[in-house]
Asks: 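Okay, here's the structure, questions in a sec.
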Amino acid sequence: RSSDLPCKAIVKFQCHCQVTTLRIQCHEWTSAGEEKKTELQCCGNQCPHLLVCGHRCWMTCHTGPCPDADECEKKTPVRCPCRRIKRDFPCRDVRRGEVSVSCSLECEEEKLRKQKEKDELARKQREEARLKNEREIEEFKRKIEGRKRRRKEKVVQEEARGFWQTYARIIKAGAGIVIVLFVLEIGRAV
C-alpha cells in the first residue's frame, strides 16, 4: 500500500539562528519528537548574535535567547593606566570589575624617560625662542642706530653752513615784521 510508505517530500525551514535554510524529508520531520525536532533545526554553526558585551554568542545554533553576557568567557584585553602593559582576562571578570593591571617598574621608568624628553624639548624651544628674540632686538637696534647716524650727519651739515645760512630766514622774517610796523607807525602819524 502507498499509504504505508514514508513521505519522500523535502521540507524547507530556517535553523534556530535564522541564517541557514535546512532541508529534511517530510517523514523524518513528522515522525520526530520535540527533542529530535530541536536537534534537526540546528545548523551546527556558531550562533551569529552579539551579546550585550559586544562578543558573539559562543553557543552553536540554539533555541531561545542567547546566554547572559555575565557568562561570557571571551578574552578581553585590559591595559595598565599608562597603556604600556596589556593582559587578557575573561570578559565576565572584566565586566564585573574584578581585574586590573597595574603599572610596573618599567612603566615608571618609561614615564620618567618620556617626561625628560618632553622637558628637554620644551627647554630647547624656549632657548630657540630666546635666541630669536635676541636676534630681532639686535636687528632693531641696528636700524635705530642707522637712523641716529643720519640725524647726526644732518646736524653736522647744518653747522657747516654757517651762521647766516642757518638763521637767514629768521632774520629776514624779523626784519620784515619791523618794516611793516614802522610803515604802520608812519601812516598813523600822518
Side-chain angles (χ1 to χ4, degrees), residues 19 46-59 66-190:
V19 174
Q46 183 180 354
C47 177
H49 299 111
L50 294 179
L51 302 175
V52 176
C53 62
H55 292 119
R56 190 171 164 191
C57 177
W58 64 87
M59 297 177 68
C66 293
D68 189 23
D70 289 337
E71 299 174 26
C72 182
E73 289 288 326
K74 294 278 187 176
K75 295 294 181 189
T76 304
V78 176
R79 293 185 174 271
C80 69
C82 73
R83 305 197 51 78
R84 187 177 163 278
I85 299 174
K86 177 180 110 175
R87 297 223 171 90
D88 291 331
F89 294 97
C91 178
R92 62 183 160 82
D93 295 343
V94 174
R95 286 179 50 82
R96 291 180 191 147
E98 295 175 355
V99 296
S100 66
V101 178
S102 300
C103 287
S104 67
L105 184 59
E106 290 95 22
C107 291
E108 296 301 324
E109 290 171 355
E110 184 69 15
K111 280 183 201 174
L112 288 173
R113 187 186 64 76
K114 285 184 179 180
Q115 186 63 41
K116 284 181 182 178
E117 287 176 2
K118 187 178 176 182
D119 292 345
E120 182 64 22
L121 179 64
R123 188 194 61 76
K124 284 181 181 178
Q125 289 174 343
R126 283 192 307 272
E127 183 65 21
E128 288 173 5
R130 186 186 63 78
L131 291 173
K132 181 181 175 188
N133 286 340
E134 286 179 4
R135 284 192 300 268
E136 289 175 355
I137 289 170
E138 288 299 319
E139 183 67 27
F140 180 74
K141 284 180 179 178
R142 277 196 296 269
K143 286 181 182 179
I144 294 296
E145 193 61 37
R147 289 181 190 159
K148 286 181 182 177
R149 212 176 294 132
R150 284 186 222 124
R151 285 188 198 134
K152 285 180 184 176
E153 290 170 2
K154 218 180 211 183
V155 169
V156 169
Q157 287 175 356
E158 287 177 3
E159 289 175 3
R161 286 195 289 182
F163 179 80
W164 178 251
Q165 291 173 338
T166 305
Y167 298 105
R169 289 185 183 159
I170 298 172
I171 295 171
K172 288 178 185 177
I177 292 172
V178 170
I179 293 172
V180 169
L181 290 175
F182 183 69
V183 171
L184 289 175
E185 223 20 73
I186 293 177
R188 267 197 220 154
V190 181

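What you are looking at is a predicted structure, and each value in this text was computed from that prediction instead of being measured. Note that these values count all heavy atoms, side chains included, but never hydrogens, waters or copies made by symmetry.
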Asks: Whether the side chain of R56 engages the backbone of C47 through a donor-acceptor N/O pair (distance < 3.5 Å, no angle test) should be reported.
Replies: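 At least one qualifying donor-acceptor pair exists.
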
Asks: Please answer whether the main-chain N or O of E108 pairs with a side-chain N or O of R84 as donor and acceptor at a distance below 3.5 Å.
Replies: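 No.
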
Asks: Less than 4.0 Å between a side-chain N and a carboxylate O, is that true for R113 and E110?
Replies: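 Here E110 pairs with R113 in a salt bridge, since their nearest N and O are under 4.0 Å apart.
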
Asks: Which atom pair, heavy atoms only, marks the closest approach of V78 to V101?
Replies: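 The answer is O-CG2, 3.7 Å.
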
Asks: What are the two closest heavy atoms between C72 and W58, and how far apart are they?
Replies: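 Smallest heavy-atom distance, with atoms named: CA-CZ3, 3.6 Å.
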
Asks: Does the side chain of R135 reach to within under 4.5 Å of the side chain of E138, using non-hydrogen atoms?
Replies: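 No, their side chains stay 4.5 Å or more apart.
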
Asks: At what distance, to the nearest 0.5 angstrom, does CG of L105 lie from CD of E109?
Replies: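 Here the interatomic distance stands at 4.5 Å.
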
Asks: I need the single residue from V183, I179, V178, I177 that forms a side-chain contact (heavy atoms from CB on, under 4.5 Å) with L181. Which is it?
Replies: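 Result for side-chain contact (heavy atoms from CB on, under 4.5 Å) with L181: I177.
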
Asks: Measure the shortest side-chain to side-chain distance between P90 and K75 over non-hydrogen atoms and say whether it is less than 4.5 angstrom.
Replies: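 Yes, their side chains come closer than 4.5 Å.
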
Asks: What's the spacing between L51 CG and R95 CZ if we round to 0.5 Å?
Replies: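 Reported value, rounded in 0.5 Å steps: 9.0 Å.
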
Asks: Any side-chain heavy-atom pair from E98 and F89 closer than 4.5 angstrom?
Replies: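 Contact flag for E98/F89 side chains = no.
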
Asks: Salt bridge or not for E128 and K132, using N-O below 4.0 Å?
Replies: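 Answer for the salt bridge query: no.
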
Asks: Of all the heavy-atom pairs spanning S102 and I85, show the shortest one and how long it is.
Replies: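 Closest heavy-atom pair between S102 and I85: O-CD1, 4.1 Å.
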
Asks: Would you check if the side chain of Q46 reaches a backbone N or O of C57 as a donor-acceptor pair within less than 3.5 Å?
Replies: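 Such a contact is found between Q46 side chain and C57 backbone.
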
Asks: How long is the gap from NZ on K116 to CG on D119, to the nearest 0.5 Å?
Replies: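 So the NZ of K116 and the CG of D119 are separated by 9.5 Å.
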
Asks: Is the shortest heavy-atom distance from the side chain of K111 to the side chain of C82 under 4.5 Å?
Replies: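 Of all side-chain heavy-atom pairs linking C82 with K111, at least one is under 4.5 Å.
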
Asks: Hey, is CZ on R83 packed in by over 12 heavy atoms from elsewhere, all under 6.0 Å?
Replies: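 No, the 6.0 Å shell around CZ holds no more than 12 heavy atoms from other groups.
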
Asks: Once you round to the nearest 0.5 Å, how far does CZ of R92 lie from NE2 of H55?
Replies: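 Between R92 CZ and H55 NE2, I get 13.0 Å after rounding to 0.5 Å.
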
Asks: Any non-hydrogen side-chain atom of R123 less than 4.5 Å from a side-chain atom of R126?
Replies: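 A side-chain contact under 4.5 Å exists here.
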
